[in-house]
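To start, the structure under review is shown below, and the notes come after it.
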Amino acid sequence: MSTLNPRQKEAVLYVDGPLLVLAGAGSGKTSVITRKIAYLIETCGIKAHHIAAVTFTNKASREMKERVGKLVKGPASRGLTVSTFHNLGLNIIRREHKLLGFKPGFSIFDAQDANALIKGLMQKDNLEETDLVDTIQHLISSWKNDLIGPDRAYQQAQNPNEELAARVYASYNRSLRAYNAVDFDDLILIPTLLFQQRSDVLERWQRKIRYLLVDEYQDTNTSQYLMVKLLVGIRGGLTVVGDDDQSIYAWRGARPENLALLKTDFPSLKVVMLEQNYRSTSRILKAANQLIMNNPHEFEKTLWSEMGSGDPLRVIVNRNEDAEAERIAADIIERRLRLQNHYRDYAILYRGNHQSRLIEMKLQVNQIPYKLSGGTSFFSRAEVKDIMGYLKVLINPDDDNAFLRIINLPRREIGPGTLEKLASYATERKVSMFEACGELGLTQVLSARAQAKLHEFSHWLKAVHQRCYQNDPIEVIKQMIRDIDYEAWTYQNCNSELQAERRMANVGFLVDSLQRTLERLQEDNPDAEIDDAVTRLLLIDMLEQQEEDEDDDRVQLSTLHASKGLEYPHVYLIGMEEELLPHRNSIEDDFVEEERRLAYVGITRARKTLTLTLTRQRKQYGELIDTVPSRFLDELPEEDLEWFGRDPGCEVENKAQGRATLSSLRDLLK
DNA sequence: TCCTTTCGTATTTTT
DNA sequence: TACGAAAGGA
């Protein structure tokens, strides 16, 4: 407790009612949450299994678990819930699945699955507007986030497109039910609706969760907020931590106004402000403060630190994006040698993913190791989807979506014609496609050959399913992957041997993760079965875990969005131009405030130095465009900025200097 | 079924 | 310009 400042202490000690902690960037909010959990357990005598801490990402929840584990030793922390919103929702649905009418082992549809399902539904109804699939998917998701059901969506529809989307929404939900599946949004929506409708169930959960802590509160959407409100009830055992200035996810349904709403919903709300920053120099913070002052505020806050004033912020103007990338590469090489530090101390942040390409190229040329955040997530890789498809069907034979993915993979000579007939037969009989495979009525519609193929497949799968619940399930699954000779299939479908090897490594990693997940679940609950583990696995992004093992002295490349929550000694914020940051679409739609927060997030990632770069000309859609410096540059304190290449003349000199430094450094290294 | 060509489009992304 | 998706041909 002695390591906390007075504000932080106040936030930890206040347990008499609902509390809002407005935690500025780098103000030690994770410390506050973890210490508060320790305080609740050790001093307030609240049992760990009555406390839940909720985050948005797996990464955040993993970090929090780790830090609580260090503070609260031994069995006292047993039963503590630290999880993502979605994982909490999943747990609630699992526990209440009977009441909700789900069979155990229900599937979770990710965005891709949902997209495929919507497309399929529209094709089945002979709807022409297949180009609207993405729009409709997005609309359905926002409706779900706003707790609007298909009926109300239809009533509220403003135009024919929305009407169509509402109709698709209804059949989409029916299909999910038929498949014994839920989508990501349902993981929050379904428990929330259940709580609204069944006060007895709500009370049960309120008795279980007596104190709730929520991280990154500004990122909650309407259904998440309602879930929190219902769970907390009148008891008021609630601490939320958030920062309205770091709200950068409004475009995907986050409601930063939920922060202000708390005041209305909990009149006794206490507000604590954390303004001391432990990360950045005061020059960086001054710039951040001055920038964000241009946004309207519900809560005024000003960050300060005792880290010294530090270097001025550099602003480097380059001729074009090529020069920008080169300049940064040279700068990193030069600084690393001069400051005797590591590649991992540097981060390059940008607005759009495409901006990383040129940078990557120049880093490669200069042999600077780098790590790209984001990219395709582990679960969207084809090989992972394939095996997950098998696992899904194994634990939930009703999942037609997964069934269709794997039925002909590897080739089983079951073509589209057969599948179409099977599908319509299954729909007619109101059974899943897998179930339909074994039915006798198929003789009427299918050739003997096609039927034999289907039989063969369904028998085999049924056998695997049974063995899964009798013997060591992981061994059974490994055998299954050998049975289908997935390895041969992979090698056949890859361009290079290396690619195939990587894919098989991913498959191996998937199975290992499944095993670890199962073991972890069985520690808490010896009855846990393979279906628990598979469902759980769907919510974990293993890419993060995987990357941690690799050697990590690399320059970090990241979008501004993905950089939230992280920090680096030296940050380059590139592309400080109008139309890029703020992005042109945001300017048009008047969302500049969120773009400003995005810039704010970027600036506050930096600990020691911050370098802002821009170009005079940039290629846009193949055309060379004269750029305008970002308005955000004008909003920074001029006296703390050091410009390079602002006048056209000295920029040439700059470049020459950069080249010279670079080549002399190269010689030096040889 | 695979490969080529053409066409359209062009933030941010977690679960 | 540069990519991915969809369509068309072998």
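As the structure is a prediction and not an experimental result, all values here were calculated from the model.
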Measure the acute angle between the ring planes of F184(A) and H86(A), then classify it against the limits of 30° and 60° as parallel, tilted or perpendicular. perpendicular
Does the ring of H561(A) lie flat against the base of dT12(B), closer than 5.5 Å centre to centre with planes under 30°? no
Establish, with yes or no, whether the OP1 or OP2 oxygen of dT13(B) is under 4.0 angstrom from a side-chain nitrogen or oxygen of T559(A). yes
Is any side-chain nitrogen or oxygen of N58(A) closer than 4.0 Å to OP1 or OP2 of dT15(B)? yes
Examine dT12(B): is either OP1 or OP2 under 4.0 Å from a nitrogen or oxygen in the side chain of N353(A)? Give yes or no. yes
Nearest-angstrom distance, C1' atom, dA2(C) to dT13(B): 22 Å
Do R94(A) and F106(A) form a cation-pi contact, if we require the NZ or CZ to be under 6.0 Å from the six-membered ring centre and within 45 degrees of the ring's axis? yes
When all nucleic acid strands are considered with a 4.0 Å heavy-atom cut-off, which category describes E595(A): base, sugar-phosphate, or nothing? base
Run the salt-bridge test on E63(A) and R67(A) with the 4.0 Å N-O cut-off and return the result as yes or no. yes
Between dT13(B) atom C1' and H138(A) atom NE2, what is the distance in whole Å? 11 Å
Please report the distance, rounded to the nearest Å, between CG in D185(A) and C1' in dT15(B). 9 Å
Students often get this wrong, so: under 4.0 angstrom with heavy atoms, is F56(A) touching a base, only sugar-phosphate, or nothing? sugar-phosphate
Contacts of L176(A) meeting side chain to side chain contact (heavy atoms under 4.5 Å, CB included) (sequence neighbours excluded), chain-then-number -> F109(A), L117(A), K144(A), Y172(A), N173(A), A181(A), D183(A), D186(A)
Which whole-number value in Å describes the distance from M388(A) CE to dT15(B) C1'? 14 Å
Looking at E588(A), I'd like to know if its CD atom is crowded, meaning that more than 12 non-hydrogen atoms belonging to other residues, nucleotides or ligands lie closer than 6.0 Å. yes
Need one value for R357(A): base, sugar-phosphate or nothing, where a base atom within 4.0 Å counts as base even if backbone is also close, heavy atoms only. sugar-phosphate
Without decimals, in angstroms, what is the distance between L560(A) CG and dT13(B) C1'? 13 Å
Outermost nucleotides of DNA chain C that come under 4.0 Å of a non-hydrogen atom of chain A: dT1(C) to dA6(C)
Let me know the distance between CZ of F184(A) and P of dT13(B), rounded to the nearest Å. 16 Å
Give a yes or no on whether the backbone of Q112(A) and the side-chain of D110(A) come within a donor-acceptor separation of less than 3.5 Å. yes
Would you mind telling me which of dT11(B), dT14(B), dT15(B) lies closest to the side-chain atoms of H86(A)? dT15(B)
By ring-ring contact (aromatic ring centres under 6.0 Å, His included), which residues pair with Y217(A), not counting sequence neighbours? Y225(A)
Separation of dT13(B) P from Y249(A) OH (nearest whole Å): 7 Å
Hey, do the aromatic rings of Y568(A) and Y346(A) have their centres closer than 6.0 Å? no
Measure the distance from CG on N145(A) to P on dT13(B) and round it to the nearest whole Å. 18 Å
Of the candidate nucleotides dT15(B), dT11(B), dT12(B), which contains the atom at the shortest distance from the side chain of N585(A)? dT11(B)
Between atom CG in L598(A) and atom P in dT12(B), what is the gap in whole Å? 11 Å
Going by a 90° cut-off around 0, is dT12(B) syn or anti? anti
Using the P atom in both, what is the distance from dT12(B) to dA5(C), to the nearest Å? 15 Å
